[in-house]
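A short write-up of the structure that comes next.
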Amino acid sequence: MHGEPLYPDGFTHYKSVNPDAPKGGRLTQGAVGTFDSLNPFIVRGTAPPFVRWNIVESLMARSPDEAFTCYGLLARSVETDDARSYVAFELDPRARFSDGAPVTADDVLFSFELLRAKGRPNHRSYYGKVAKAEVTGPRVIRFTFGVVDRELPLILALMPVLARHAVDPERFEQTSFTPPLGSGPYKAVEVKPGETVILARVPDYWGRELPVNRGNFNFDSLRYDFYRDVNAQFEAFKRGLYDIRFETDPGRWKTGYDIPAVRDGRIVREEIETGMPKPYSALIFNMRRDIFTDVRVRQAMVELFDFEWANENLYFGLYRRNGSFYDGSELSSLGRPADARERELLARFPDAVLPEVMEGTWHAPRSDGSGRDRERLRRALELFAAAGWDLKGGTLTSRATGRPFAPELVVGTKDQERLALAYQNMLRRAGVKLNIRLVDNVQFEARKQTYDYDMVPYIWDQSLSPGNEQSFYFGSAAADTPGTRNFMGLKSPAADAMIEALLAARERADFVSAVRALDRVLISARFSVPLFYTPGQWVARWRKVERPARVALSGTLAESWWQGAG
């Protein structure tokens with residue numbers, strides 16, 4: 001996306017893999033929740049993500065060791081101009097679907113047209129920027145763009161390629177337990193709806209010797225088991241029913257692994273640093289609802305969340321506080337005054353950024369850690385009062401209508417419920433009656449996709465090269481489109497302009513300034529209660545599986561692991 005690729009022409013493998021990893025064995029992984037579809041490319045249903053990466057390939061593969069660089073996968077060459085007004089891909093003549101049929105340019109064109117018409121909102125948005133798609137040679141497809149967007153060649157490079165002869169366009173938008181036919185290293189061989197999926201290696205997988213694949217996809221089979229909740233999933237791990245656990249609960253990480261298998265070394269625990277922006281975890285306010293249209297109300301709700309108390313009493317002090325949407329990276333605006341380029345970008349939107357955010361002095365509210373910080377309570381009540389809400393008889397009440405302030409927070413797991421209950425107690429001091437609704441995984445996802453909530457927890461994962469997906473997360477057009485990740489309903493011309501600027505940037509310095517400017521706009525919009533993140537990856541693994549010593553920017557990746565001797 002910016003600068004030169006890390007790897008030269010003729011490279012043999014990524015640095016974060018073991019190119020000599022042995023092949024064989026089975027990797028079993030556990031997931032919380034369920035699934036009611038194996039089609040991850042549509043809005044309807046809940047599909048497991050591993051279908052996309054193990055079964056369905058793209059024209060190119062994203063490097064795990066760089067901010068945003070792609071290398072050849074289905075495509076063996078790529079052509080574009082300096083303006084990136086078009087991109088053309090030539091397919092590798094060896095590329096085959098798992099049924100032996102060759103991958104053709106017609107398959108790519110079919111996939112593009114199908115996903116643009118019936119795919120997820122991000123597909124429709126990205127591919128809608130293409131003015132013309134055409135097959136120009138026996139194995140060549142060319143996309144000509146109708147807008148200026150320097151990321152589009154990479155977006156098209158990562159488009160999933162489906163087999164035209166195996167897809168019924170009329171039924172594509174319907175959920176199905178029939179996995180898509182792909183060209184990837186695995187195919188689904190057993191499906192127990194909602195419970196288990198088993199993938200098996202494609203014996204004659206066409207791409208096994210490609211540089212982007214060498215050292216990856218080492219197991220003969222992959223098994224994914226789904227558990228009803230986190231506790232059941234963890235108990236299964238302790239019993240050896242699956243092999244790798246990426247822990248997210250600090251209490252469990254601190255105290256839950258005092259078991260014989262850890263003490264005698266059969267389970268290895270590791271804390272792995274990553275080079276990526278830390279995930280932004282938050283409780284999101286739905287600004288489509290009247291109760292949260294006033295920024296003073298939202299700010300008051302932020303003031304009442306006592307991170308210091310929650311971190312110490314619920315999470316053993318192991319979390320760090322979210323603040324920036326790109327925490328822990330050069331893209332974060334925290335602690336940095338806006339530079340000249342940022343100020344130039346933001347000049348047209350003088351009210352979009354708080355002065356303290358512009359100056360780099362802002363931070364999330366800090367408490368005394370007592371759980372009863374009077375200063376935070378006083379500040380919150382002042383904000384509520386300014387917005388027309390008064391504390392009367394222990395209940396926060398609307399001055400205009402007399403109704404109580406009683407938002408509903410929808411959660412989907414017991415861990416989310418535990419945090420919600422703690423927040424409920426924090427809010428009670430200000431007369432806020434927070435209603436908590438725990439729903440099952442399917443209902444939780446359905447309500448998120450249709451924005452049917454007052455508040456909802458969510459985590460945005462960011463990369464070192466944010467691009468078009470930022471419109472999907474924060475763009476005004478996404479606010480009214482079901483299935484996007486603009487869960488708060490943000491409609492900000494300033495955010496839209498900053499996204500346009502980061503997409504147009506040619507040099508890394510301009511790009512970083514544009515992302516930091518966007519970060520300042522998002523922070524200032526105050527559409528969420530910023531929560532917390534882990535410093536790195538907490539990984540527990542049974543010794544029978546091993547990983548490369550060198551990790552990728554995003555941490556250790558399961559596709560690079562292999563069957564060990566233990």
Hey, does [Y] have a side-chain heavy atom less than 4.5 Å from the side chain of [X]?
X	Y	answer
Tyr319	Leu531	no
Thr34	Thr46	no
Pro482	Val43	no
Phe246	Thr556	yes
Phe472	Ser125	no
Arg376	Met426	no
Asp415	Arg252	yes

Which atom pair, heavy atoms only, marks the closest approach of [X] to [Y]?
X	Y	answer
Pro466	Leu502	O-CD1, 3.2 Å
Leu391	Gly394	CD1-C, 3.7 Å
Arg508	Leu464	NH2-O, 2.9 Å
Ser528	Val302	O-CG2, 3.4 Å
Lys491	Ser476	CA-OG, 3.4 Å
Arg124	Glu173	NH2-OE2, 3.6 Å

Do [X] and [Y] have side-chain N/O donor and acceptor atoms under 3.5 Å apart?
X	Y	answer
Ser333	Asp519	yes
Tyr86	Glu79	yes
Ser370	Asp368	yes
Ser58	Arg52	yes
Thr484	Tyr451	yes
Asp65	Ser16	yes
Ser281	Asn322	no

[X] side chain vs [Y] backbone, donor-acceptor pair below 3.5 Å:
X	Y	value
Arg120	Ile42	yes
Arg321	Pro365	yes
Thr395	Thr397	no
Asp327	Lys278	no
Ser524	Leu354	yes
Asp496	Gly475	no
Arg399	Ala385	yes
Arg84	Thr80	no
Ser513	Asp510	no
Asn311	Phe307	no

[X] bridged to [Y] by N-O distance under 4.0 Å:
X	Y	result
Asp306	Arg429	no
Arg343	Glu359	yes
Asp339	Arg341	no
Arg289	Asp452	yes
Glu500	Arg348	no
Arg378	Glu382	yes
Asp373	Arg379	no
Asp229	Lys414	no

So how far is it from [X] [atom1] to [Y] [atom2], rounded to the nearest 0.5 Å?
X	Y	atom1	atom2	answer
Leu396	Arg403	CG	CZ	10.5 Å
Leu409	Leu438	CG	CG	10.5 Å
Phe112	Ile141	CZ	CD1	8.0 Å
Phe145	Arg150	CZ	CZ	11.0 Å
Ile459	Tyr533	CD1	OH	13.5 Å
Tyr127	Leu152	OH	CG	10.0 Å

*So Leu318 and Phe532, side-chain contact (heavy atoms from CB on, under 4.5 Å) or not? Walk me through it.*
CA-CA 10 Å; Leu318 296 181; Phe532 30 66; over 6 Å; no
Does [X] have more than 12 heavy atoms from other residues, nucleotides or ligands lying within 6.0 Å of its [atom1]?
X	atom1	value
Asp81	CG	yes
Lys433	NZ	no
Arg374	CZ	no
Trp53	CH2	no

_For a side-chain contact (heavy atoms from CB on, under 4.5 Å) check, start with the C-alpha distance between Val56 and Leu162, then their side-chain angles and the critical distance, and finish with the verdict._
CA-CA 7 Å; Val56 180; Leu162 303 168; 4.1 Å; yes
*Evaluate the criterion salt bridge (charged side-chain N to carboxylate O under 4.0 Å, His left out) for residue pair Asp454 and Arg437; output intermediate values, then yes/no.*
CA-CA 11 Å; Asp454 294 332; Arg437 184 177 295 276; over 6 Å; no
Please work out which of the three classes, parallel, tilted or perpendicular, describes the rings of [Y] and [X], given edges at 30° and 60°.
X	Y	answer
Phe474	Phe325	perpendicular
Tyr71	Tyr7	perpendicular
Tyr423	Phe305	perpendicular
Phe292	Phe405	perpendicular
Trp253	Trp538	parallel

*Are the aromatic ring centres of Phe487 and Phe527 under 6.0 angstrom apart?*
no
*Please say whether the positively charged group of Arg62, taken as NZ for Lys or CZ for Arg, lies over the ring of Phe68, i.e. under 6.0 angstrom from the six-membered ring centre and within 45 degrees of the axis.*
yes
*Under 6.0 Å from the six-membered ring centre of Tyr458 and within 45° of its axis: does the NZ or CZ of Arg485 meet both?*
no
*asked:* Go through it in stages, so that I can follow the logic: the residues are Ile155 and Met159, the test is side-chain contact (heavy atoms from CB on, under 4.5 Å), and I'd like the CA-CA distance, side-chain angles, deciding distance and then a yes or no.
replied: CA-CA 7 Å; Ile155 295 293; Met159 180 180 69; over 6 Å; no
